[in-house]
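Small disclaimer: the values here were computed from a predicted structure and weren't measured. So that the names make sense, note that chain A is the first sequence line, chain B the second, and so on, each numbered from 1.
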Amino acid sequence: MPELPEVETVARGLRKVLPGRRILAVRLGKTDFIEDPPAVEQLLPNSRIRDVRRHGKFLLFDLKPPAANAPAFSLLIHLGMTGQLVVCPPEAPIPPHTHAFLTLDDGREFRYTDIRRFGNIRILDEETRRKILGNLGIDPLEATENEFAARIRSRGARIKALLLDQSVLGGMGNIYTDESLWRARIHPARLGAKLRADELRRLYRAVRDVLKEAIRFRGSSISDYVDAEGNQGSFQRRHRVYRRKGEKCFRCGAAIGRAIVAGRSSYFCPVCQTPPRKHSASAHRPGKLPRPKGRSRRRAGAC
DNA sequence: CTTACGGCCTGGGTGC
DNA sequence: TGCACCCAGGCCGTAA
């Protein structure tokens, strides 16, 4: 599941081989995940790749058409859940569900594989590009602590929903949201606007530490994710909560729980990550297990 | 303007 | 063995 660290790893891998390359030919398989297939087939051949960059979970390729007076444009690729971008020799075996092949002028092939086709490929003109990037939240790795705190405090939604919202922060997905909240000892159902200053600070640190560490380990390969060379990441071995329901919390030993928060499956330690006082996770029935008053505040630091 | 929620895309895994 | 069904993540439309 490509989130910020996985997309960043792919971008870095592609940046080593793509800039300067000219695209010689394009071949498409299934195209229902491509916005305008004819545009892709028409514009890419003979264009030159100038740069590859990550914005949130988007990959943006800056392209220069052959005609000197033609406007530059961008190719946007979102990997969805199962998208893979690999540069390989053309004779390399073709994995099933590979739907786009770009022949490069160095003899190699740039391929897009996507089992579920939840990904997205589209051509952007300058205006659309600006619009898409304008709707994208700040990059958690570039944000200052104050910017981060201001974003989180700005709305009344649950912290889980805020971290996942691409217009608040660009790049966080379910895995790194749960991992960050565990590190910060914050329950996913807490309201963002109600987080205390020390909690926001912990969360800011946790998000950055988790993302940086995940990039160092080249991302998490749960099912399909591979980098631009086709290799798996290894950060899944360092997950502390994600998909660990019933296993022991690395901090306090309690059994990791799972609940639907903000419509998403969420993993957390029910002891270290103190639930909000009023409405604990909406998946739980109210009335169960009344918590002694005033305790939760102190409690969080205990683990 | 919010936020919450259901549904949609597709196919792999699970359990009967 | 086959088959129905659940679930994954991001996003969008709709309701409140």
Side-chain angles (χ1 to χ4, degrees), chain A residues 1-7 10 29-35 37 54-60 76-85 95-100 112-122 124 128 131-137 140 150-181 188-195 211 214 219-226 232-233 235-236 239 241-246 258-267 276 278-284 286:
Chain A
M1 278 141 251
E3 304 178 22
L4 187 152
E6 289 78 25
V7 181
V10 170
K30 290 188 179 176
T31 57
D32 55 354
F33 63 99
I34 300 175
E35 191 193 50
R54 177 190 65 78
H55 297 273
K57 300 181 207 177
F58 295 109
L59 283 164
L60 249 58
L76 175 147
I77 300 184
H78 192 295
L79 300 173
M81 281 179 70
T82 55
Q84 303 176 347
L85 281 173
H97 309 288
T98 301
H99 298 301
Y112 181 74
T113 304
D114 191 345
I115 296 173
R116 295 186 193 159
R117 304 200 301 284
F118 285 8
N120 187 237
I121 294 183
R122 58 188 294 196
L124 307 179
T128 317
K131 198 176 149 201
I132 284 179
L133 295 186
N135 288 335
L136 192 60
R151 291 275 175 158
I152 298 301
R153 270 200 280 248
S154 67
R155 301 220 317 253
R158 298 175 195 280
I159 187 61
K160 170 92 180 187
L162 289 168
L163 292 175
L164 285 173
D165 188 330
Q166 299 301 297
S167 68
V168 175
L169 293 178
M172 298 286 286
N174 213 25
I175 296 176
Y176 297 102
T177 295
D178 282 1
E179 292 296 319
S180 300
L181 288 169
R190 295 278 304 281
L191 299 182
K194 290 198 171 179
L195 294 182
L211 293 176
S220 304
S221 290
I222 302 283
S223 52
D224 304 283
Y225 164 73
V226 294
Q232 299 203 328
F235 192 70
Q236 67 281 4
H239 289 174
V241 281
Y242 187 73
R243 291 213 175 171
R244 291 193 65 245
K245 184 189 174 184
R258 175 180 180 267
I260 302 299
V261 179
R264 306 302 299 276
S265 157
S266 304
Y267 299 87
K278 282 239 144 148
H279 252 283
S280 58
S282 51
H284 297 314

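For the pair A:K245 NZ and C:dC7 C1', the interatomic distance rounds to 14 Å; values are reported in whole Å. Rounded to whole Å, atom C1' of C:dG9 lies 14 Å from atom CG of A:N120. Note: CG (A:L163) to P (C:dG9) measures 15 Å, nearest angstrom. In this structure, A:L4 places its CG atom 16 Å from P of C:dG9, rounding to the nearest Å. Per the geometry, CZ belonging to A:R258 stands 14 Å off P belonging to C:dC6, to the nearest Å. When the P atom of C:dG10 is taken as reference, atom CG of A:N135 falls 17 Å away, rounded to whole Å.
Counting only distance, with no hydrogens or angles, the side chain of A:E6 and the backbone of A:V226 share no donor-acceptor pair below 3.5 Å. Judged by distance alone, with hydrogens and angles left aside, the side-chain atoms of A:N120 form a donor-acceptor pair with the main-chain N or O of A:F33 at under 3.5 Å. Not a single donor-acceptor pair under 3.5 Å links the side chain of A:R117 to the backbone N or O of A:T31. With hydrogens and angles disregarded, a donor-acceptor distance shorter than 3.5 Å links the side chain of A:Q166 to the backbone of A:L164. Counting only distance, with no hydrogens or angles, the side chain of A:K57 and the backbone of A:G170 share no donor-acceptor pair below 3.5 Å. One N or O on the side chain of A:Q236 and one on the backbone of A:S221 form a donor-acceptor pair closer than 3.5 Å.
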Show me the protein contacts with nucleotides 7-14 of chain B, counting only N or O atoms at under 3.5 Å.
from   : atom 1 : to     : atom 2 : distance (Å)
B:dT10 : OP1    : A:D32  : OD2    : 3.4
B:dT10 : O4'    : A:R116 : O      : 3.4
B:dG11 : OP1    : A:R117 : NH1    : 3.2
B:dG12 : OP1    : A:H97  : NE2    : 3.4

Write out a two-atom table: protein N or O, nucleotide N or O from nucleotides 1-3 of chain B, distance below 3.5 Å.
from  : atom 1 : to     : atom 2 : distance (Å)
B:dT3 : OP1    : A:R155 : NE     : 2.6
B:dT3 : OP1    : A:G156 : N      : 3.2
B:dT3 : OP2    : A:R155 : NE     : 2.6
B:dT3 : OP2    : A:R155 : NH2    : 3.4

Pairs under 3.5 Å (N/O, protein and nucleotides 11-16 of chain C):
none

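Using a 3.5 Å distance cut-off with no hydrogens or angles, the side chains of A:D114 and A:T82 do pair a donor with an acceptor.
Using a 4.0 Å heavy-atom criterion, one finds that A:G173 contacts the sugar-phosphate atoms exclusively. A:Y225 comes within contact range of no nucleotide atom at all, as no heavy-atom separation falls under 4.0 Å.
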Verdict with supporting geometry, A:L191 and A:R158, side-chain contact (heavy atoms from CB on, under 4.5 Å): CA-CA 4 Å; A:L191 299 182; A:R158 298 175 195 280; 4.0 Å; yes

Assess the residue pair A:L169 and A:L4 against the criterion (side-chain contact (heavy atoms from CB on, under 4.5 Å)); give the C-alpha distance rounded to whole Å, side-chain angles, the decisive distance to 0.1 Å, and a yes or no. CA-CA 10 Å; A:L169 293 178; A:L4 187 152; over 6 Å; no

Determine, step by step, whether A:L136 and A:F58 satisfy the side-chain contact (heavy atoms from CB on, under 4.5 Å) criterion, reporting the C-alpha distance in whole Å, the side-chain angles of both residues, the deciding distance to 0.1 Å, and the verdict. CA-CA 10 Å; A:L136 192 60; A:F58 295 109; 4.3 Å; yes

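Within the structure, a side-chain polar atom (N or O) of A:S265 is placed less than 4.0 Å from OP1 or OP2 of C:dA8.
In summary, the aromatic rings of A:F235 and A:Y225 are positioned with their centroids too far apart to meet the 6.0 Å limit.
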